[in-house]
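Okay, structure first, notes after.
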Amino acid sequence: MNDPRKDVVEEARWAAEHGFDFLDLTIEGPAAALEQIDVVALKQVLNEAHMQVVGHTAWFLPFASPVGRVRRAAVEEVAAALPIFADLGVKLVNVHIVRGVGSFGYANMLALNGKSFAELAELAEPHGIRIMVEHPPESGLHVDDIRKILNADARLGFHLDVGHANVGGDRLEVLLKAFNQRLCHVHVSDNRGRSDDHMPLGAGSIDWPKVIHLLKKSGYDGTITLEVFVQDRDWLLHSAEKLREWWADK
Ligand SMILES: [Zn+2]
């Protein structure tokens with residue numbers, strides 16, 4: 001995934017030079033917002049390296065805002081990115097389940113997330129894009145809650161984040177069991193179960209060989225993004241090497 005604080009073309013070039021199969025393209029500020037992306041230059045780098053692209057959107061868009069105009073603006077922001085994603089050959093775009101406003105109630109938060117994502121599923125279809133819903137690191141959001149959100153539209157896919165599934169207790173098996181039919185894409189990063197630290201694989205408490213085994217058992221054979229956020233990218237490259245090793249092993 002490109003670091004949204006850096007120039008996206010440079011980020012894509014780095015990924016291409018280091019043997020990544022695809023770019024998890026996040027369109028978000030501070031440096032990779034829609035208006036800041038040089039699509040022509042980005043396309044050139046990606047095409048030259050034969051890299052695929054998976055779509056990613058800002059995690060902080062207020063999809064569950066009880067203020068209708070604010071919620072619709074969040075939907076519009078992703079909708080505005082859809083033609084760019086389509087131009088880059090993207091078939092999957094993620095959105096993040098977000099918190100609402102407590103006083104409006106929990107059911108309202110679930111309903112508004114679902115409503116926003118259903119609207120996006122409809123807007124994405126003409127572009128040949130499927131919207132996939134990523135679950136947050138909060139352990140309080142249960143499988144049934146995620147199911148309610150996904151049920152807002154049959155076209156919505158499930159986007160698993162293995163790091164998120166480890167915060168506050170291991171929920172990976174439960175999530176895979178519940179949503180393997182709708183699983184579209186996977187994010188991986190390590191943590192120690194307390195917060196979403198985005199550490200290199202093997203640096204935290206996640207049992208990676210077990211994770212890969214469970215993923216394979218679920219029938220998943222799609223793309224995996226290393227959402228490893230580190231100062232020294234050797235740790236990211238090491239994580240990629242380990243992941244390939246574990247995948248070949250299991
Ligand atoms: Zn993620």
Side-chain angles (χ1 to χ4, degrees), residues 1-6 8 11 15 20-29 32 52-64 74 77-78 81 85 90-99 113 116-117 120 129-141 143 145-146 149-150 156-172 174-176 178-180 182-206 208 211-212 214-215 218 220 222-230 233 235-236 239-240 243:
M1 190 183 108
N2 56 301
D3 181 340
R5 295 167 300 183
K6 295 182 177 165
V8 68
E11 288 287 275
F20 288 90
D21 300 323
F22 70 97
L23 179 70
D24 192 324
L25 172 63
T26 189
I27 296 190
E28 65 177 272
Q52 306 287 313
V53 184
V54 172
H56 193 284
T57 61
W59 55 271
F60 48 81
L61 292 171
F63 292 119
E77 189 61 25
V78 176
F85 279 132
V90 172
K91 299 281 173 226
L92 295 166
V93 170
N94 95 336
V95 287
H96 301 76
I97 298 173
V98 289
R99 280 189 203 154
N113 272 291
S116 296
F117 302 154
L120 281 169
I129 289 173
R130 186 176 186 193
I131 298 292
M132 47 179 181
V133 177
E134 181 170 351
H135 60 108
E138 275 109 77
S139 57
L141 190 82
V143 166
D145 302 332
I146 299 172
I149 293 172
L150 289 176
L156 293 171
F158 177 63
H159 181 167
L160 174 72
D161 186 305
V162 176
H164 292 180
N166 190 56
V167 174
D170 182 4
R171 298 178 298 288
L172 181 64
V174 184
L175 287 166
L176 276 175
F179 305 121
N180 66 342
R182 295 173 87 160
L183 182 58
C184 301
H185 183 60
V186 175
H187 279 171
V188 293
S189 67
D190 217 335
N191 60 61
R192 294 200 174 93
R194 290 187 296 269
S195 55
D196 188 23
D197 301 317
H198 291 277
M199 288 150 75
L201 308 193
S205 64
I206 298 176
W208 289 103
V211 167
I212 303 305
L214 289 173
L215 272 177
S218 78
Y220 187 72
T223 42
I224 299 177
T225 299
L226 287 147
E227 255 191 343
V228 171
F229 302 155
V230 282
R233 287 197 169 166
W235 294 107
L236 169 58
S239 296
L243 183 59

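Here the structure is a predicted model, which is why all the values come from computation and not from measurement. Start at 1 and go down the list; that is how both ligands and their atoms are numbered. For reference, positions follow the sequence shown, starting with 1.
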Next item on the list: Would you confirm whether the ring centroid of His56 sits within less than 6.0 angstrom of the ring centroid of His96?
Entry: yes
Check: Is there side-chain contact between Val95 and Met132, with at least one heavy-atom pair below 4.5 Å?
Finding: no
Item checked: Which N, O or S atom of Glu227 lies nearest to the Zn ion (ligand 1), by name -> OE1
Margin query: If you round to 10 degrees, what value do you get for the angle at the Zn ion (ligand 1) between Glu134 atom OE2 and Asp161 atom OD2?
Written below: 90°
Notebook entry, point to check: Does a sphere of radius 6.0 Å around CZ in Arg192 hold more than 12 heavy atoms from other residues, nucleotides or ligands, not counting ones at 6.0 Å or beyond?
Noted result: no
Notebook entry, point to check: When you measure from the Zn ion (ligand 1) to each N, O or S atom of His187, which atom gives the shortest distance?
Noted result: ND1
Notebook entry, point to check: Would a distance-only check, ignoring hydrogens and angles, find a side-chain to backbone donor-acceptor pair under 3.5 Å from Arg171 to Gly169?
Noted result: yes
